[in-house]
Each structure stands twice: as C-alpha cells, then as structure tokens.
Novice: 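One structure is given below, represented as structure tokens, and several questions about it will come after.
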Amino acid sequence: MEFILVTPQARTHVALIQLNRPKELNALNLQLMGELRDALKELDENEEVRAIIITGNERAFAAGADIKQMAGKTAIDMLNMDQFSTWDQIRKTKKPIIAAVSGFALGGGCELAMTCDMIIASETAMFGQPEIKIGVMPGAGGTQRLTKAIGKAKAMEMVLTGKFMTADEAEKQGLINRVVPVELYLEEAFKLAGEIAQMSPVAARLAKESVNRSFETQLDEGLHFERKNFYLCFASEDQTEGMNAFVEKRKPEFKGR
Ligand code: DAK
C-alpha cells in the first residue's frame, strides 16, 4: 500500500485506515481508492475487526478526487475507469465505519466521509462540494447524501456555490455526529469505535444494514426488513450471551457468532 496506512488493533477490535498523500491534501487518485477498496474488503473479512476508522491528517481528510488525474479525461475514459466498483465496495462494507475528519473534506473527500456511517470532526474541519467551481458536479453520491443529511435548501446552496461548511455548522445541520478540539478528534473516533466494538458484531451488522435500508425504502418495506433482521439476531449465540449476561448481572462476551 503506497497511499494508505492500515493499523488493525487486535486488542480493541478497531482498525484504522489513514489516507496518506499529505502533500496533495490526500487527493483521491485511482491508486489510493483501489488501495482503500482492498483494505476495506480485507478488514471486512477479518473476524478480529469489529469497527473501522478512516482518517486523513490534521490539514486534510481529503481535498477531493485528484483533479490533475481527471483533467484530460473524456466521458468515455471516466466510464471505462469503472470507479463505481470501488465506491460500491466502500458502501457495501458490513462493519461500521467512522470517518475522523480534520481540515478539508471536499468533493470526493466529503462524499467519502458521507459514505461512512458516522463522522467525528475536529473544529477545523471544512465540508464542501466545490466541483461546480471546476466545471463539474458531485459524482460519488454528494447530491444525494448531502441532501438527505441537511435538506434541499442547504445542500442546493453548497452544491451550486461550492461554499464550504464549518464543522460547527455541519454538526448543527446533522451532517456529522460531533465536533471536538483538533487534538481529540482521532481519540474521540476511537472511543466511539471501541464502544461499538464491544457490542455483538452480528447485531451491529444487521442494525447497520437496517438503518441504511431506511434511505432506500418506504416505511412499510423498511419495517419489514427491520423485523427480518430482528428475528435473525435470535439465531446468534450473541443474543443468548447478551440476554443471559443481563439476567446474570455480568458483562457479555460477544463472539460474532
Ligand atoms: N486534486 C489534486 N491535487 C490537489 C487537490 C485535488 N483535489 N487538492 C489539492 N491539491 C494539491 C494542490 O494542487 C497542491 O499541490 P502542489 O501545487 O503543491 O503540487 C497541494 O495539494 C496543496 O494545495 P494548495 O496549495 O491548493 O493548498 P491551499 O491550502 O492553498 O488550498 C484547497 C487548499 C483545498 C482549498 C485547494 O487545494 C483546493 O481548492 N483544492 C481542490 C478542491 C476541489 O475542488 N475538490 C473537488 C475535486 S472534484 C467520482 C468520484 C469522485 C468524484 C467524482 C467522480 N466517480 C466515482 C465517478 C469527485 C470529484 C472531486 O472531488
């Protein structure tokens, strides 16, 4: 891996992926995205890992797709690059993913953060979809996820003007989970990931799937999906362990089975 660093932490069951093209503000070139896709696939299959954090560095989470790499491309070049298989892999990751964002999260960087399940931001974080300023528009879910998160009026303004949103505003608008001082954002993300990693991995996977389903279905169908997943929890050893531990007044030991 050249452009990302992966650190699984066996003790906490949390894995950290750090985007690592600091000079280019972690611009998401094709190689970086390929590495990210492969790392996520591997971590998703690793039974020791129960939650994943994606981060950048203090100055930038990611300033977008690599404009220098895209500049000379035609529509057919873009089509043939089939970047969506990479983005789809991120979206289909079964384990909870937290984006720990400091500095710029722009264009594809903002879209990457929004593709994650939760966002912890430092007070210096800036979110934006500035593609309009370089003659294009969001292409990796920005018009959809941003609108669902903050509503039409605010999303429309950001997408049509390219203006950035501060971390405080993003928290107020419901785009992110919370803002913390810059020296604490990664620690806070680990705290949240660690908390989730103590839960039943089976229940966490089914719950994540169910919450995500609410974006894609009407209420009736969503409730039906939720019920199926709820019943499925009862097929797990973790359900027996969790409920027995409650009755026996002890801490459960979940195994993901
Ligand atoms: N691409 C390539 N290089 C970038 C970059 C980017 N997005 N952002 C920054 N850099 C590079 C700069 O060129 C500079 O490199 P050198 O000149 O030193 O070689 C270095 O990073 C430092 O940047 P600056 O010197 O510009 O730093 P400043 O602090 O002055 O400004 C900035 C920071 C973030 C405001 C500025 O760099 C900036 O505006 N960057 C571009 C932001 C942007 O427009 N982002 C959206 C890009 S379009 C898709 C998936 C995704 C996408 C599309 C399709 N499919 C699946 C189909 C996504 C598209 C985009 O994200």
Side-chain angles (χ1 to χ4, degrees), residues 3-4 17-22 24-30 32-33 36-37 40 52-70 78 83-84 86-91 93 97-180 182 185-186 188-189 212 215:
F3 294 132
I4 65 170
I17 299 178
Q18 184 177 17
L19 311 181
N20 192 32
R21 284 187 84 201
E24 293 81 8
L25 306 185
N26 291 330
L28 306 168
N29 65 8
L30 292 176
L32 186 155
M33 289 306 292
L36 181 60
R37 174 200 57 213
L40 281 171
I52 300 163
I53 298 171
I54 300 180
T55 195
N57 54 53
E58 260 185 48
R59 187 167 175 220
F61 177 72
D66 191 321
I67 301 170
K68 291 166 194 164
Q69 199 172 48
M70 279 189 300
M78 294 298 283
Q83 296 174 73
F84 288 109
T86 302
W87 288 83
D88 285 346
Q89 174 67 44
I90 301 169
R91 186 166 65 91
T93 303
I97 310 178
I98 298 167
V101 176
S102 181
F104 300 111
L106 306 176
C110 187
E111 289 169 312
L112 175 60
M114 291 191 293
T115 306
C116 296
D117 302 305
M118 288 155 282
I119 303 176
I120 299 291
S122 91
E123 59 207 350
T124 64
M126 300 289 269
F127 298 86
Q129 299 289 162
E131 291 90 338
I132 193 102
K133 292 186 176 169
I134 53 169
V136 289
M137 58 172 280
T143 61
Q144 305 303 297
R145 293 200 175 91
L146 190 64
T147 307
K148 288 195 162 92
I150 68 175
K152 177 182 162 185
K154 297 275 184 195
M156 195 67 93
E157 188 174 341
M158 282 178 76
V159 168
L160 295 185
T161 66
K163 263 190 246 161
F164 300 165
M165 181 180 264
T166 63
D168 279 339
E169 182 69 8
E171 186 183 26
K172 253 188 250 150
Q173 297 300 329
L175 180 64
I176 66 175
N177 292 67
R178 54 194 157 275
V179 189
V180 294
V182 65
Y185 75 99
L186 201 50
E188 186 69 18
N212 279 337
F215 290 107

Novice: Going by heavy atoms in the side chains, are L32 and N20 under 4.5 Å from each other?
Specialist: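 SC-SC contact between L32 and N20 ruled out.
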Novice: State, yes or no, whether a side-chain contact exists between M33 and I90 at a heavy-atom distance under 4.5 Å.
Specialist: yes
Novice: In the structure I gave you, are the side-chain heavy atoms of V101 and F127 within less than 4.5 Å of one another anywhere?
Specialist: yes
Novice: When L19 is tested against each of L28, L25, N57, T55 for side-chain contact (heavy atoms from CB on, under 4.5 Å), which residue passes?
Specialist: L28
Novice: Ignoring hydrogens and angles, tell me if any N or O in the side chain of T124 forms a donor-acceptor pair with the backbone of S102 under 3.5 Å.
Specialist: no
Novice: Between R178 and E188, does any side-chain N to carboxylate O distance fall below 4.0 Å?
Specialist: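 Yes.
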Novice: Go through the structure and list residues passing salt bridge (Lys or Arg N to Asp or Glu O under 4.0 Å) with R21, not counting sequence neighbours.
Specialist: E24, D66
Novice: Is any side-chain heavy atom of F104 less than 4.5 Å from a side-chain heavy atom of N26?
Specialist: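 SC-SC contact between F104 and N26 ruled out.
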Novice: Please answer whether the main-chain N or O of V180 pairs with a side-chain N or O of E123 as donor and acceptor at a distance below 3.5 Å.
Specialist: no
Novice: Run through I52, N177, I98, N212 and flag the one making a side-chain contact (heavy atoms from CB on, under 4.5 Å) with D117.
Specialist: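 Exactly one candidate clears the test, N212.
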Novice: Side-chain contact test, heavy atoms from C-beta onward, threshold under 4.5 Å: evaluate it for I54 versus I4 and give yes or no.
Specialist: no
Novice: Just wondering, do R37 and W87 contact through their side chains at under 4.5 Å, heavy atoms?
Specialist: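 No, too far: nothing below the 4.5 Å cut-off.
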Novice: Can you check whether F164 reaches L106 side chain to side chain, under 4.5 Å on heavy atoms?
Specialist: yes
Novice: Does any part of the side chain of E58, heavy atoms only, come nearer than 4.5 Å to the side chain of V182, both counted from C-beta?
Specialist: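 Heavy-atom side-chain distance check passes, below 4.5 Å.
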Novice: Return the set of residues passing salt bridge (Lys or Arg N to Asp or Glu O under 4.0 Å) with K133 (not counting sequence neighbours), or none when no residue passes.
Specialist: none
Novice: Under 3.5 Å, which donor-acceptor pairs link side chains of residues 139-154 to any protein atom two or more places apart or in another chain?
Specialist:
residue : atom : partner : partner atom : Å
R145    : NH1  : T115    : OG1          : 3.4
T147    : OG1  : T143    : O            : 2.4

